[in-house]
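Reviewing the structure listed below.
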Amino acid sequence: KYVAIFISALALLNTWPSAALAQTAAGGLFSIENHAGFSDNHVAHVTSELETGIRALKALGVPLRTEKFPITVHLKRGRGISRSYHGRGPIVLHRVAGRRSPIIHELTHMLAGYTWSHGHWTTEGFASYMQDKYGKDIAYPTRRLPHELMRLILEENSALPMLEVMRDRRRKNFFGKGNLWHRFLAYAQSSSFCKYLIDTHGITKFLAIYDKPFEEQDFQPVYGQPAPALVTAWHTHIHAQRFDLDRARQIYRNIRNFTR
């Protein structure tokens, strides 16, 4: 059974000057297709998360890809992999009933942009940052514990070489599905590194390198230091924090045992 729900854009856009956004108001920003008979409460929750995501991206000054509106969102049963096809759409969400769906993560791919031929670390890392910071759902990969998981990854000597993660394009190496453990590590490391860059140096500098090929990310002019130095500073920051690692350790071990 399909239930199409169109979210009015007027409340979100009444203070936005963008003509492109205003044109979407009449038709709505999203079409939510309920494939599995989820309750009205579940659909309302997804709706609220999508609205929250748009407001958060706007507040951060992220240029929105308004040509993507209206965005179709499919709600499906089961524990499948949620996706947005590298931001091309539509959005497909699983784990809706358990409130573990990466709603804002996938929305960020759609609206902030995702050029998979440029790589994945900023796009996946920023989407996880948005999900962890603004989403109510506790979603894979970091479940609001990016730095805690990174601490365990470092302590276990499991970290992938971050510069190689940053060079990965078209999911040829770490971000692909060939090795699920490496995939998790690439996502988790990128999430923690992006959080570090945003929280320490600000969103404006991060957006200057966002969704660009590694060779075109001008770390020295933007951050005053090259990429290897930033990675070292990030690791130092993680080691210096005092964390309660109990929950992160359980998540880490469960994923490690499942994927290896």
Side-chain angles (χ1 to χ4, degrees), residues 78-87 91-96 98-109 112 114 116 118-133 135 137-199 211 214 227 230-231 234-235 237-239 241 243-260:
R79 303 176 64 183
I81 298 176
S82 297
R83 57 196 181 277
S84 60
Y85 302 95
H86 297 106
I91 293 175
V92 179
L93 297 175
H94 293 269
R95 302 174 183 263
V96 173
R99 297 290 174 90
R100 294 185 178 276
S101 189
I103 302 167
I104 294 179
H105 181 116
E106 300 302 340
L107 177 69
T108 299
H109 287 334
Y114 194 142
W116 81 307
H118 289 177
H120 312 282
W121 78 273
T122 58
T123 47
E124 294 295 350
F126 183 52
S128 292
Y129 172 86
M130 292 297 296
Q131 178 67 45
D132 287 344
K133 187 173 179 65
D137 286 31
I138 301 175
Y140 180 92
T142 47
R143 296 173 173 86
R144 299 182 188 160
L145 298 170
H147 285 347
E148 290 87 342
L149 288 169
M150 189 62 212
R151 175 70 163 270
L152 293 172
I153 290 169
L154 291 173
E155 288 183 356
E156 297 282 338
N157 294 316
S158 297
L160 300 171
M162 192 60 199
L163 295 180
E164 294 305 310
V165 172
M166 295 161 75
R167 292 186 177 95
D168 191 7
R169 300 185 188 183
R170 302 178 186 272
R171 300 188 183 273
K172 289 183 177 180
N173 297 318
F174 307 118
F175 284 94
K177 296 180 181 179
N179 186 317
L180 295 180
W181 177 239
H182 283 176
R183 178 183 171 92
F184 163 72
L185 292 174
Y187 271 76
Q189 292 178 212
S190 297
S191 300
S192 177
F193 191 31
C194 287
K195 176 176 171 59
Y196 167 76
L197 291 175
I198 295 169
D199 291 351
D211 197 26
F214 178 73
L230 283 169
V231 171
W234 161 51
H235 286 184
H237 173 79
I238 296 299
H239 282 300
Q241 303 307 302
F243 296 123
D244 180 351
L245 296 176
D246 288 347
R247 182 164 164 262
R249 185 172 285 109
Q250 181 180 2
I251 293 170
Y252 177 85
R253 288 174 177 172
N254 287 344
I255 294 176
R256 182 186 59 190
N257 293 337
F258 176 76
T259 59
R260 297 177 71 178

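Start at 1 with the first residue, then count along the sequence.
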*Under the side-chain contact (heavy atoms from CB on, under 4.5 Å) rule, collect the residues that match up with H147, sequence neighbours excluded.*
S192, K195, Y196, H237, I238, F243
*So do the side chains of Y140 and S82 get within less than 4.5 Å of each other, counting heavy atoms only?*
no
*Residues two or more places apart in sequence or in another chain: which of them pass side-chain hydrogen bond (donor to acceptor under 3.5 Å, both in side chains) with T123?*
none
_Results of side-chain contact (heavy atoms from CB on, under 4.5 Å) for A186 - residues two or more places apart only_ = L160, V165, F174, F175
*What residues, two or more places apart in sequence or in another chain, satisfy side-chain hydrogen bond (donor to acceptor under 3.5 Å, both in side chains) together with R151?*
E155
*Mind checking what makes side-chain hydrogen bond (donor to acceptor under 3.5 Å, both in side chains) contact with T142, not counting sequence neighbours?*
D132
*Straight-line distance of I104 CD1 to S128 OG, nearest 0.5 Å*: 12.0 Å
*Below 4.5 Å, heavy atoms only, C-beta onward: do R83 and H109 meet side chain to side chain?*
no
*Answer whether the closest heavy-atom distance between the side chains of Q189 and M150 falls below 4.5 Å.*
yes
*Do the side chains of D137 and R99 get nearer than 4.5 Å, heavy atoms only?*
yes
*Could you tell me which residues satisfy side-chain contact (heavy atoms from CB on, under 4.5 Å) with N254, sequence neighbours excluded, listed by chain and number?*
Q250
*Is there a side-chain contact between W234 and L197 (heavy atoms, below 4.5 Å)?*
no
*asked:* Could you check whether Y129 and W121 have their ring centres less than 6.0 Å apart?
replied: no
*Rounded distance [0.5 Å steps], CZ in F193 versus CD1 in I198*: 11.0 Å
*Could you state the interatomic distance from SG (C194) to CG (D199), rounded to the nearest 0.5 Å?*
11.0 Å
_According to side chain to side chain donor-acceptor pair (under 3.5 Å), does anything in residues 161-177 pair up with another residue at least two apart or in another chain? List the pairs._
H86-R171, Y114-R171, E124-R171, E164-R167, R169-E215, R171-Y187
*Give a yes or no answer on whether the side chain of R144 reaches the backbone of G135 with a donor-acceptor pair at less than 3.5 Å.*
yes
*Can R95 and R79 be said to form a side-chain contact (heavy atoms from CB on, under 4.5 Å), step by step?*
CA-CA 6 Å; R95 302 174 183 263; R79 303 176 64 183; 3.5 Å; yes
*Could you state the interatomic distance from CG (L180) to CZ (R256), rounded to the nearest 0.5 Å?*
15.5 Å
*What are the two closest heavy atoms between A188 and I153, and how far apart are they?*
CB-CD1, 4.0 Å
*For the residue pair P141 and F184, what are the closest heavy atoms and their distance?*
O-CE1, 3.8 Å
*Roughly how far, to the nearest 0.5 Å, is the CD atom of Q131 from the OG atom of S101?*
7.5 Å
_A248 to L149 - nearest heavy-atom pair and separation_ = O-CD2, 3.5 Å
*With T259, which residues qualify under side-chain hydrogen bond (donor to acceptor under 3.5 Å, both in side chains), at least two apart?*
none
*Distance-minimising heavy-atom pair for D246 and D244*: N-OD1, 3.2 Å
*Would the H235 and H239 ring centres measure less than 6.0 Å apart?*
no
*Would you say the side chain of D211 lies within less than 4.5 Å of the side chain of F126, judging by non-hydrogen atoms?*
no
_Separation of S190 OG from M166 CE (nearest 0.5 Å)_ = 8.5 Å
*Is there a side-chain contact between M130 and H105, using heavy atoms and a 4.5 Å cut-off?*
no
